[in-house]
A.B. asks: 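Got a structure for you, written out below as structure tokens; questions coming shortly.
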Amino acid sequence: MKLAAIDIGSNAARLLITDVRMIKKNKPDFIKSNLIRVPLRLGFDVFENGEISPGKTAHILSTMKAYRHLLDAYGVERVKACATAAMRDAKNGAQIIEQIKKETGLDIEIISGDREAALIYESHVAENLTRDGSYLYIDVGGGSTELTCFTNGAMTFKRSFNIGTIRLLKQQVTEAQWEEMKGDIRNHIKGIKKITGIGSGGNINKVFSLSKRKEGRPLSLELLRDYYKEFSNMTLEERMSNYKLREDRADVIVPALLIYINVLKWVGAEEILVPKIGLADGLIQSLYEEIENVEM
């Protein structure tokens, strides 16, 4: 069975196409066929002007039409699509979603921050980790950060904060918002002795690639601080040249690192796992479970 997920974020849109195969008894294998990312950068419009400009609207529509062609070319049977912080905050978000539906047939749901956190948790990464441990999913996007805590095999806390990389670049995050985030995290982790971070999002994936760590090995908080210090002391052009980063990664990687560092520091975590999962993976899992529940 071929399934697909579309995630329209504040920095980029992603199309994930996945083959689902029943290789092990009663347990599906999810095999990624393709991941196509387009840097729409909607947050640069929305978080400053409150709406998506005509130019970016045209870019979204052309991207969704391209995704529609790819879905047909790959023979995808079912697709689940959602939009997050930028589309949530845009005055014309619902209108654009309607236009996409009319021109491509794609149904896109604008989801809340809490729903986003829950879907990231759907990726089931923590199920493969120690059952008696405590883990904090940290998903950093352009418009928001989603946190989900997983203790002794159960989700104990999920929360979305309007602190994201593009908002930080635009200097739209106040000290009060940071304090609220810190207080909320500390209230919910009282009594938990040791927490390991699980990072998702394009920025932490890029840092992991740059670190040359083996798959499954964690990144230390100290290493994230080193990268943050190094990148902060470089110009955008130097980051792009020295680390072969695209411009749409080179600008947001610094505020992303700041968010990961702060959250890890506040929960007392010394390291973070980077399984290279994200919202699109959670959408695929959620879609598969919907199909299975209908067929049962």
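These values consider heavy atoms only, across backbone and side chains, with no hydrogens, waters or symmetry-generated copies.
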A.B. asks: Under the salt bridge (charged side-chain N to carboxylate O under 4.0 Å, His left out) rule, what do Asp281 and Lys276 come out as? Steps first, then yes or no, please.
C.D. replies: CA-CA 9 Å; Asp281 299 270; Lys276 298 197 173 176; over 6 Å; no
A.B. asks: Do you reckon Ile291 sits in the same ILVMFWY cluster as Leu16, going by side-chain contacts under 4.5 Å, direct or chained?
C.D. replies: yes
A.B. asks: Please tell me if the side chains of Leu236 and Glu247 come closer than 4.5 Å, counting only heavy atoms from C-beta onward.
C.D. replies: yes
A.B. asks: I'd like to know whether Leu71 forms a side-chain contact (heavy atoms from CB on, under 4.5 Å) with Leu15, so could you lay out the CA-CA distance, the side-chain angles of the two residues, the decisive distance to 0.1 Å, and finally the verdict.
C.D. replies: CA-CA 9 Å; Leu71 291 168; Leu15 167 64; 3.9 Å; yes
A.B. asks: Report the C-alpha distance between Leu169 and Thr165 in whole Å, list the side-chain angles of each, state the deciding distance to 0.1 Å, and finish with yes or no for side-chain contact (heavy atoms from CB on, under 4.5 Å).
C.D. replies: CA-CA 6 Å; Leu169 280 178; Thr165 58; 5.7 Å; no
A.B. asks: Would you say the side chain of Ser144 lies within less than 4.5 Å of the side chain of Thr84, judging by non-hydrogen atoms?
C.D. replies: no
A.B. asks: Indicate yes or no: does Asp248 engage Arg37 in a salt bridge with an N to O separation below 4.0 Å.
C.D. replies: yes
A.B. asks: Could you tell me the separation between the CG atom of Asp139 and the CD atom of Glu116, rounded to the nearest 0.5 Å?
C.D. replies: 6.0 Å
A.B. asks: Using atom types as modelled and distance alone, determine if a side-chain donor or acceptor of Arg21 lies under 3.5 Å from a backbone N or O of Pro28.
C.D. replies: no
A.B. asks: Side chains of Val263 and Met181, heavy atoms from C-beta outward: is any pair under 4.5 Å?
C.D. replies: yes
A.B. asks: Please check if Trp178 and Ile189 belong to a single hydrophobic cluster, counting links between Ile, Leu, Val, Met, Phe, Trp and Tyr side chain heavy atoms closer than 4.5 Å.
C.D. replies: yes
A.B. asks: Does a salt bridge link Glu179 with Lys182, judged by any charged N lying under 4.0 Å from a carboxylate O?
C.D. replies: yes
A.B. asks: Compare all side-chain heavy atoms of Thr156 with those of His188 and state whether any distance is below 4.5 angstrom.
C.D. replies: no
A.B. asks: If we ignore hydrogens and angles and just use 3.5 Å, is the side chain of Tyr67 paired with the main-chain N or O of Ile36 as donor and acceptor?
C.D. replies: yes
A.B. asks: Is a side-chain N or O of Thr63 found less than 3.5 angstrom from the main chain of His59, in a donor-acceptor match?
C.D. replies: yes
A.B. asks: Examine distances only and state if a side-chain atom of Gln172 and a backbone atom of Phe47 form a donor-acceptor pair shorter than 3.5 Å.
C.D. replies: yes
A.B. asks: Can you name the closest pair of heavy atoms from Asn203 and Arg249 and give their distance?
C.D. replies: OD1-NH1, 3.1 Å
A.B. asks: In sequence, state the C-alpha distance, the side-chain angles, and the governing distance for Glu271 and Ser220, and then conclude on side-chain hydrogen bond (donor to acceptor under 3.5 Å, both in side chains).
C.D. replies: CA-CA 4 Å; Glu271 54 189 27; Ser220 68; over 6 Å; no
A.B. asks: Minimum heavy-atom separation for Ala5 to Ile284, with atom names?
C.D. replies: N-CD1, 3.7 Å
A.B. asks: Going through the checks in order, is the side-chain contact (heavy atoms from CB on, under 4.5 Å) test met by Thr235 and Met240?
C.D. replies: CA-CA 9 Å; Thr235 64; Met240 290 167 67; over 6 Å; no
A.B. asks: First locate atom CG of Leu258, then atom CG of Leu168, and finally report the distance between them rounded to the nearest 0.5 Å.
C.D. replies: 6.5 Å
A.B. asks: Between the side chains of Lys2 and Glu77, is the shortest nitrogen-to-carboxylate-oxygen separation below 4.0 Å, so that they form an ion pair?
C.D. replies: no
A.B. asks: Determine whether the aromatic ring centres of Phe231 and Tyr243 lie less than 6.0 Å apart.
C.D. replies: yes
A.B. asks: Salt bridge between Glu103 and Arg68, side-chain N to carboxylate O under 4.0 Å?
C.D. replies: no
A.B. asks: What distance separates Phe208 CZ from Arg217 CZ, expressed to the nearest 0.5 Å?
C.D. replies: 9.5 Å
A.B. asks: Using only atom types and a distance under 3.5 Å, with no angle test, would you say the side chain of Arg167 pairs donor to acceptor with the backbone of Gly143?
C.D. replies: yes
A.B. asks: Taking all heavy atoms of Val76 and all of Ala4, pick out the closest pair and write down the distance.
C.D. replies: CG1-CB, 3.7 Å
A.B. asks: Sub-3.5 Å donor-acceptor pair from the side chain of Lys80 to the main-chain atoms of Ser286, do we have one?
C.D. replies: no
A.B. asks: Indicate the atoms forming the closest heavy-atom contact of Cys149 with Ile192, along with that distance.
C.D. replies: SG-CD1, 4.3 Å
A.B. asks: With the 4.5 Å side-chain cut-off for hydrophobic clustering, are Val274 and Tyr135 part of the same group?
C.D. replies: no
A.B. asks: Within the side chain of Asp45, is there an N or O that forms a donor-acceptor pair under 3.5 Å with the backbone of Ser53?
C.D. replies: yes
A.B. asks: Mind checking whether Val140 and Leu210 sit in one hydrophobic cluster, side chains of I, L, V, M, F, W, Y counted as touching below 4.5 Å?
C.D. replies: yes
A.B. asks: To the nearest 0.5 Å, tell me how far Leu119 CG sits from Ser112 OG.
C.D. replies: 9.0 Å
A.B. asks: Would a hydrophobic clustering, with Ile, Leu, Val, Met, Phe, Trp and Tyr connected at side-chain separations under 4.5 Å, put Leu223 with Val267?
C.D. replies: yes
A.B. asks: Does any non-hydrogen side-chain atom of Leu221 lie less than 4.5 Å from one of Ile272?
C.D. replies: no
A.B. asks: Under 6.0 Å from the CD atom of Gln177, do we count more than 12 heavy atoms belonging to anything else shown?
C.D. replies: yes
A.B. asks: Indicate yes or no for a side-chain donor-acceptor contact from Thr145 to the backbone of Gly141 under 3.5 Å, with no hydrogens or angles considered.
C.D. replies: no
A.B. asks: Would you say the side chain of Ile6 lies within less than 4.5 Å of the side chain of Met64, judging by non-hydrogen atoms?
C.D. replies: yes
A.B. asks: Taking the ring of Phe30 and the ring of Tyr288, is the distance between their centroids below 6.0 Å?
C.D. replies: yes
A.B. asks: Evaluate the side-chain contact (heavy atoms from CB on, under 4.5 Å) criterion for residues Arg41 and Lys56: first the C-alpha distance (whole Å), next the side-chain angles of each, then the deciding distance (0.1 Å), finally the verdict.
C.D. replies: CA-CA 8 Å; Arg41 319 218 82 187; Lys56 288 213 186 290; 4.1 Å; yes
A.B. asks: Under 3.5 Å, is there a donor-acceptor pair between the side chain of Lys244 and the main chain of Ser241?
C.D. replies: yes
A.B. asks: Please report the shortest heavy-atom distance between Ala94 and Ile110, naming the atom on each side.
C.D. replies: N-CD1, 4.2 Å
A.B. asks: Between Leu264 and Leu136, is any pair of side-chain heavy atoms under 4.5 Å apart?
C.D. replies: no
A.B. asks: Given Ser160 and Asp114, is the side-chain hydrogen bond (donor to acceptor under 3.5 Å, both in side chains) satisfied, shown in steps?
C.D. replies: CA-CA 6 Å; Ser160 176; Asp114 281 352; 5.5 Å; no
A.B. asks: With side chains defined as the heavy atoms from C-beta onward, is the minimum distance between Ser200 and Tyr137 less than 4.5 Å?
C.D. replies: no
A.B. asks: Salt bridge check, Arg246 against Asp251: does any charged N sit closer than 4.0 Å to a carboxylate O?
C.D. replies: no
A.B. asks: Please report the closest heavy-atom contact between Met234 and Arg239, naming both atoms and the distance.
C.D. replies: O-NH2, 3.2 Å
A.B. asks: About how many Å separate OG1 of Thr196 and NZ of Lys194, when rounded to the nearest 0.5 Å?
C.D. replies: 5.0 Å
